[in-house]
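Throughout, a chain's letter reflects where its sequence line sits, starting with A, and its residues are numbered from 1.
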Amino acid sequence: MHILDDLQWRGLIKQSTDIENLKEHLSSGMRTIYSGFDPTADSLHVGHLVPLLMLKRFQLAGHKPIVLVGGATGMIGDPSFKATERSLNTEKTVLDWTKKLQNQTSAFVDFNCGDNAALAVNNYDWTKSLNVISFLRDIGKHFSVNMMMNRESVKLRLERDDQGISFTEFSYTLLQGLDYKELNKQHNCTIQIGGSDQWGNIMSGVDLTRRMNNQHVHALTLPLVTKADGTKFGKTESGAVWLDPKKTSPYTFYQFWLNIEDVKVEEYLKIYTFLSHDEINAVMKEQNEAPHLRHGQKTLAEEMTRLVHGEEALNSAKSITEALFKGTLTSLSQNDIQQLKQDGMPFTFLEGNEFTLLEAITNADIAPSNNEARKLIKGNAIALNGEKITDAEYKLSKENALNGVHILKKGKKHWHMIEMES
RNA sequence: GGGGGGAUGCCCGAGUGGUUAAAGGGGGCAGACUGUAAAUCUGUUGCGUAAGCUACGUUGGUUCGAAUCCAUCUCCCCCCA
């Protein structure tokens, strides 16, 4: 099967330059393909995973991926579809984040497989020595401001009467355009992929490469992944779902996928996993026959957790899930509890040997204030060691603990372990 | 350089001297139903047990009383040059 047909089946193609041409281009040799990631935070999140895994898909199909981390573009800020101007991060921050993203991205493609081994680059390398005059003369001359202003991606910023756009952000697309042109020159890169919001920036590169390198290169964008309600995918109540286990624990990560809405399971299996068509069809057959068993969600959660955090972390995540949602808390052994703690269940140690429920909740940061904690307790939202408690003054001590700890549950699925002095 | 508009709670947004901890919507959280799903319905959403305290860009002022009036500063937007 041609890689493009597979991608099409997975719903991974949104827009592209002449698709027949691109298909032929991919069939007729090993191609070099790139995608860029700007350091806008100290970790990637599940949204970044789509293009990153796409690079991997191309690598598996025999092509050579380049993972670009935007040390330079990250200094400027991409205005595409952003409603407001962003404040600039300091040079030190960007540098720090750049390093972190470089480490993260390298886990998803193979840098050691011969001819089509992946390459990691940083656009800071070819922009740092650029001087203003040559940038404006050599690069800037190829861009029409009229055209740039017509871009859908900056329309919001040009039309809203309470928002503007700085020259800094407006110029962003020139830098990204330059990246493509450079990678084409240095590595004969002929395909760039990115989210559909990147179409404009990618086209800047396609145009610039044609003008400066006299090369016709390709562009391919991926659809924006959304939730069932149409909003952006990858957010939970506590923010983005990060790939960094220190920011989003493997257990939380696993749970995130396990909680996917039914109507989205098939879509995400196709977009995010490397399961074959047959495997996905088989999973969905089971899912549709018995949706309440959530075989689809389970498969998705397993595949993703294994991919991002590894087999061991997956097993931990599964065992916590098992203990919390299947068994009864009172049956947990001392060992199980140690395991839960190790596997990343939120944990707080309290100094003292007796606390009211209210104190325990606020001290463990389960609620931001006493007021909030009271509301939760009154609202029947708190369970202690498996039993609902509605008395804020209920006393927690060593005596009524489970093997030395208290396990608090807020709502349906937020757990917290509390240990106190003996 | 000149002229005009604006800054309100997580976000959008109403409010133009007291009944405003601040309408409405979104989002969040929680409850019911369920399958750790979706949809729906309900409650809640500054801090404080409470009295009360702190809040409407900054600082100061007018007033018995200000998010609302005046001055100042900061920032943003639009138009003209």
Side-chain angles (χ1 to χ4, degrees), chain A residues 79 82-88 149 154-170 226-241 251-269 283-284 286-302 304-305 317-329 345 356-359 361-362 365-384 386 388-394 407-416:
Chain A
K82 297 278 185 324
T84 53
E85 179 91 11
R86 288 193 283 172
S87 49
L88 295 170
M149 297 208 314
V154 293
K155 212 171 172 178
L156 212 57
R157 298 285 287 281
L158 295 173
E159 287 181 354
R160 267 184 67 166
D161 59 0
D162 63 335
Q163 283 296 329
I165 182 168
S166 66
F167 181 71
T168 309
E169 285 196 4
F170 191 60
T226 56
K227 292 195 289 189
D229 61 8
T231 58
K232 205 170 166 189
F233 176 71
K235 294 263 158 99
T236 62
E237 50 278 17
S238 41
V241 178
Y251 163 74
T252 306
F253 188 83
Y254 178 84
Q255 283 286 326
F256 169 74
W257 295 100
L258 196 64
N259 279 294
I260 295 301
E261 309 95 320
D262 285 10
V263 289
K264 284 289 180 178
V265 169
E266 182 168 7
E267 183 183 328
Y268 296 163
L269 280 168
V283 170
M284 286 316 296
E286 271 194 60
Q287 170 77 9
N288 293 329
E289 277 165 10
H292 62 283
L293 296 179
R294 294 180 304 140
H295 183 60
Q297 279 93 337
K298 284 176 189 161
T299 308
L300 188 58
E302 276 183 30
M304 297 317 294
T305 310
K318 280 171 78 174
S319 69
I320 299 185
T321 295
E322 198 64 25
L324 298 181
F325 293 95
K326 290 283 157 38
T328 49
L329 292 180
M345 176 185 262
T356 63
L357 184 59
L358 185 72
E359 289 169 331
I361 289 173
T362 44
D365 257 342
I366 293 166
S369 67
N370 281 346
N371 232 343
E372 199 61 36
R374 274 178 224 281
K375 279 177 195 154
L376 288 170
I377 297 169
K378 277 193 207 125
N380 202 30
I382 301 293
L384 177 68
K388 290 275 183 184
I389 309 272
T390 49
D391 175 13
E393 301 305 313
Y394 184 90
I407 295 178
L408 271 170
K409 179 172 75 150
K410 181 193 84 159
K412 289 189 181 76
K413 46 194 164 192
H414 300 280
W415 307 81
H416 200 106

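Distance check on atom P: B:A14 versus B:G6 gives 11 Å, rounded to whole Å. With P as the reference atom, B:G4 and B:U8 are 23 Å apart, rounded to whole Å. Nucleotides B:C12 and B:G17, compared at atom P, are 25 Å apart to the nearest Å. One P atom belongs to B:A55, the other to B:G2, and the distance between them is 35 Å to the nearest Å. Nucleotides B:U59 and B:C64 place their C1' atoms 24 Å apart, quoted to the nearest Å. B:U19 sits 26 Å from B:C70 when the C1' atoms are compared, rounded to a whole Å. Nucleotides B:A22 and B:A67 place their C1' atoms 8 Å apart, quoted to the nearest Å. Between the P atoms of B:G27 and B:A38, the separation comes to 13 Å (whole Å).
Side-chain N/O atoms of A:Asn380 include none lying less than 4.0 angstrom from OP1 or OP2 on B:G31. In this model, the phosphate group of B:C29 is not approached by any side-chain N or O of A:Lys412 to a distance below 4.0 Å at OP1 or OP2. Listed pair A:Lys318 / B:U36 fails the phosphate criterion, with no side-chain N or O lying under 4.0 Å from OP1 or OP2.
Rounded to a whole Å, the NE2 atom of A:His414 is 12 Å from the P atom of B:G28. Per the geometry, CG belonging to A:Leu258 stands 11 Å off C1' belonging to B:G35, to the nearest Å. The distance between atom NZ of A:Lys264 and atom P of B:A37, rounded to the nearest whole Å, is 18 Å. Taking atom CD1 on A:Ile165 and atom P on B:C78, their separation rounds to 11 Å, with Å as the unit. The CG atom of A:Asn371 sits 7 Å away from the C1' atom of B:C47 (whole-angstrom rounding). The distance between atom NZ of A:Lys298 and atom C1' of B:A37, rounded to the nearest whole Å, is 12 Å. Distance NZ (A:Lys375) to P (B:U49): 11 Å, rounded to an integer number of Å. When rounded to the nearest whole Å, the span between CG of A:Asn288 and P of B:A38 equals 17 Å.
In this structure, A:Phe170 and A:Met149 have side chains that are in contact, with non-hydrogen atoms separated by less than 4.5 Å. No side-chain heavy atom of A:Lys409 sits less than 4.5 Å from a side-chain heavy atom of A:Leu329. In this structure the side chain of A:Leu357 never reaches within 4.5 angstrom of the side chain of A:Asp391, judged on heavy atoms. With a 4.5 Å cut-off on side-chain heavy atoms, A:Glu302 and A:Lys318 count as touching. Counting heavy atoms from C-beta on, the side chains of A:Val265 and A:Thr299 never come closer than 4.5 Å.
With hydrogens and angles ignored, a donor-acceptor pair under 3.5 angstrom links the side chain of A:Asp262 to the base of B:G35.
Side-chain proximity of A:Glu261 to the nucleotides B:A38, B:G31, B:U36 is greatest for B:A38. Side-chain atoms of A:Lys388 lie closest to B:G31 of the nucleotides B:G48, B:U36, B:G31. Residue A:Pro291 places its side chain closer to B:G35 than to any other of B:G35, B:U36, B:U49. When distances are taken from the side chain of A:Lys410 to each of B:G48, B:C29, B:G31, the shortest belongs to B:C29. Checking B:G31, B:C47, B:U36 against every side-chain atom of A:Ser369, the shortest atom distance belongs to B:C47. The nucleotide whose nearest atom lies closest to any side-chain atom of A:Asn370 is, among B:U36, B:A32, B:U49, B:U49. Nearest to the side-chain atoms of A:Gln297 among the listed nucleotides B:G35, B:G48, B:G31 stands B:G35. Closest to the A:Leu376 side chain, of the nucleotides B:A30, B:G48, B:A37, is B:A30.
Along RNA chain B, the nucleotide nearest to A:Leu293 and the one nearest to A:Ala381 differ in position, and the one closer to the 5' end is contacted by A:Ala381. With RNA chain B read from its 5' end, the first of the two nearest nucleotides for A:Lys413 and A:Ile382 is the one closest to A:Ile382.
Remark: B:C75 base-pairs with B:G6; criterion is Watson-Crick or G-U wobble with both hydrogen-bond distances under 3.5 Å. Judged by Watson-Crick or G-U wobble contacts below 3.5 Å, the nucleotide B:G1 has B:C80 as its partner. Within the shown strands, B:A32 is the pairing partner of B:U40 under the Watson-Crick or G-U definition, both distances less than 3.5 Å. For B:G24, the paired base is B:C12 (Watson-Crick or G-U wobble, both distances below 3.5 Å). Nucleotide B:U58 is matched to nothing when pairs are restricted to Watson-Crick or G-U wobble geometry with both distances under 3.5 angstrom.
No more than 12 heavy atoms of other residues, nucleotides or ligands lie within 6.0 Å of NZ in A:Lys378, so this atom counts as exposed by the packing criterion.
Residues A:Gln297 and A:Asp262 bring a donor and an acceptor atom of their side chains to less than 3.5 Å of each other.
In this structure, A:Lys264 pairs ionically with A:Glu267, as a charged nitrogen and a carboxylate oxygen lie closer than 4.0 Å.
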